[in-house]
**Q** 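I have a structure I would like to understand better, so I am pasting it below and will then ask my questions one at a time.
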Amino acid sequence: MSAGTLARGLFLATFGEPPEGVWSSPGRLNLIGEHTDYNEGFALPFAIPQRTAVAAAPRTDGRLVLVSAQRPGVVGLAASELAKGAVAGWAAYPLGVLWAIRELRGEDLFEAGLSLAIASDVPTGAGLSSSAALECATALALNDLAQLRLNRHQLAAAGRRAENEMVGAPTGILDQLASLLSPSDAALLLDCRDGEATPVPLGFAAAGLAVLVADSGVHHHLADGGYAQRRAQCEVAAQVLGVPSLREATPALLAQHRERLGPLLFRRARHVVTENARVLDTVRLVREGEAREIGGLITASHASLRDDFEVSVPELDAIVEAANGAGALGARMVGGGFGGSALALVPRELLPQVSAAIAGTFAARGVPAPPVVEVIPSAPGHRDT
């Protein structure tokens, strides 16, 4: 059963009437370009088939009431009470979007109340951006219900503001843009400095390639301190280098200021500089029809995230090592790190072999094998019904 069908059924069961509509938005897989978005750099995500759906309808009693198929209980508060700090937990994501759109519009939208029912098949804490999928599905619903006519960049910005200011996770805008703008048959080259988004057909099917995703089982939460610490370190490194962001840094500039940066900040900045270059090299290769040649860039991205940015964990390293050892062309952790998932670019004929190798690695440790699924570029957020 789809997330949209579940959300509609949950709405009817909870509120006793059908919703005015159902909207859904996908999780995303970032092929390459990690921790570059808040440094105004480049990334290459695509939408995945798994989606979060929001069934919604206005109320007349002045209350905001939310229910989730993945969480127990009902969350409710007066619409007039919505403010930063007024709500915590999973409900802070959708209500944060409403708050952010209110701030953008300068008006008390949905002051008469709103009912939301949420269902999702995007794994949480797996580095596949379940939070952005929820934010973007909510933003689409609010935009239609209130006839706001906000464009998708504005909706993405509202999702990011919700995550930054309501939830407290200092993320960039990559995830929201990917969820709302990714074409159904391509990746999206994002320039996170100006928001420019360019479709990039990957050509994996024609090249006999597939993308596997394995969930390490180590779940992360980007509002925790590690992510914020890395972002702060990047900001300090940019100040030392005398540039507005690490987007403007170059290998030569890093070498020139290596002593002033010190070992830690040098490594953090080196990851961002080299990761931006890897994104652009990946785009160049797939455009030239050389998709099989990007595997080395993908694995180099993991090494940089593991060694220079220090956001990997042993379980992710084990998945990458097992996949590459079984014939994957490249593999790396995805998402913010400290847990989550890893991807592998695999010749289609080796899919069973690579999946078995990943499972075997975990079996040898006496722990259950991680879920391993194939993902393909899928549709962006939209109204379902």
**Q** Has the side chain of Arg152 got a donor or acceptor atom that lies under 3.5 Å from a matching backbone atom of Leu180?
**A**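 Checked: pair present.
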**Q** Could you tell me whether Glu288 atom CD has more than 12 heavy atoms of other residues or ligands within 6.0 Å of it?
**A**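 Counting neighbours around CD of Glu288, more than 12 heavy atoms of other residues, nucleotides or ligands fall under 6.0 Å, so yes.
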**Q** Any side-chain to backbone donor/acceptor pair from Ser301 onto Leu297? Under 3.5 Å, distance only.
**A**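 Not confirmed, Ser301 side chain does not pair with Leu297 backbone.
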**Q** Under the 3.5 angstrom rule, does the side chain of Asp194 hit a backbone N or O of Glu196 as a donor-acceptor pair?
**A**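 Yes: the side chain of Asp194 pairs with the backbone of Glu196.
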**Q** Decide whether Ser179 and Ser25 meet the rule of one side-chain donor and one side-chain acceptor closer than 3.5 Å.
**A** yes
**Q** Backbone N or O of Phe42 within a donor-acceptor pair of the Asn276 side chain at under 3.5 Å?
**A**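 Yes, the answer is positive, given that a donor and an acceptor are paired below the 3.5 Å cut-off.
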**Q** Side chain of Arg247, backbone of Glu40: donor and acceptor closer than 3.5 Å?
**A**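 Answer holds: yes.
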**Q** Ion pair present between Glu163 and Arg160, side-chain N to carboxylate O less than 4.0 angstrom?
**A** no
**Q** Do other residues, nucleotides or ligands put more than 12 heavy atoms under 6.0 Å from the CD atom of Glu310?
**A** yes
**Q** Can you see whether His302 engages Asp317 through a side-chain donor-acceptor pair at a distance of less than 3.5 angstrom?
**A** yes
**Q** Kindly say whether Val240 contributes a backbone atom to a donor-acceptor pair with the side chain of Arg260 at under 3.5 angstrom?
**A**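 Checked: pair present.
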**Q** I'd like to check Met333 versus Val320 (side-chain heavy atoms, cut-off strictly below 4.5 Å). Are they in contact?
**A**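 The answer is no; the side chains never approach within 4.5 Å.
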**Q** Can you check whether Glu135's main-chain N or O pairs, donor with acceptor, with Gln176's side chain at less than 3.5 Å?
**A**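 Not confirmed, Gln176 side chain does not pair with Glu135 backbone.
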**Q** Would you indicate whether the side-chain heavy atoms of Leu150 and Arg105 approach each other to under 4.5 Å?
**A** yes
**Q** Would you say the side-chain atoms of Ser182 and Arg28 include a donor-acceptor pair closer than 3.5 Å?
**A**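 No, no side-chain donor-acceptor pair sits under 3.5 Å.
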**Q** Does a side chain donor of either Ser216 or Glu315 reach within less than 3.5 Å of an acceptor in the other side chain?
**A** no
**Q** Against Phe309, only a single residue in Arg267, Glu34, Arg230, Glu275 fulfils side chain to side chain contact (heavy atoms under 4.5 Å, CB included); can you say which?
**A**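 Going through Arg267, Glu34, Arg230, Glu275 one by one, the side chain to side chain contact (heavy atoms under 4.5 Å, CB included) with Phe309 is satisfied by Arg230 alone.
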**Q** Using a 3.5 Å distance criterion without hydrogens, assess whether the side chain of Asp384 forms a donor-acceptor pair with backbone atoms of Trp23.
**A**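 Flag not set: sc Asp384 to bb Trp23 has no pair under 3.5 Å.
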**Q** With a 4.5 Å cut-off on side-chain heavy atoms, are Leu202 and Leu31 touching?
**A**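 In contact.
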**Q** Parallel under 30°, tilted from 30 to 60°, perpendicular over 60°: which one fits the rings of Tyr227 and Tyr38?
**A**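 Judged by the thresholds at 30° and 60°, the geometry between Tyr227 and Tyr38 is perpendicular.
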**Q** Could you tell me whether the side chain of Leu305 reaches within less than 4.5 Å of the side chain of His271, counting heavy atoms only?
**A**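 Result yes, sub-4.5 Å side-chain heavy-atom pair found.
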**Q** Given side chains that start at C-beta, do those of Thr198 and Val283 come closer than 4.5 Å, heavy atoms only?
**A** no
**Q** Would you say Arg51 and Ser378 are linked by a side-chain donor-acceptor pair, where the criterion is simply a distance under 3.5 Å?
**A** no
**Q** Between Arg278 and Thr274, do the side chains contain an N or O donor and an N or O acceptor separated by less than 3.5 Å?
**A**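 Looking only at side-chain atoms, Thr274 and Arg278 do form a donor-acceptor pair, the distance falling under 3.5 Å.
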**Q** With a 3.5 Å distance limit and no angle check, can you tell me whether Asp108 reaches the backbone of Arg102 through a side-chain donor-acceptor pair?
**A**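 Pair absent, no side-chain N/O of Asp108 close to backbone of Arg102.
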**Q** Would you call Arg63 and Asp61 a salt bridge, using N to O less than 4.0 angstrom?
**A** no
**Q** Does the Arg8 side chain pair with the main chain of Ala55, one donor and one acceptor, at a distance under 3.5 Å?
**A**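 Between the backbone of Ala55 and the side chain of Arg8 there is no qualifying donor-acceptor contact (under 3.5 Å).
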**Q** With side chains defined as the heavy atoms from C-beta onward, is the minimum distance between Ile358 and Thr361 less than 4.5 Å?
**A** no
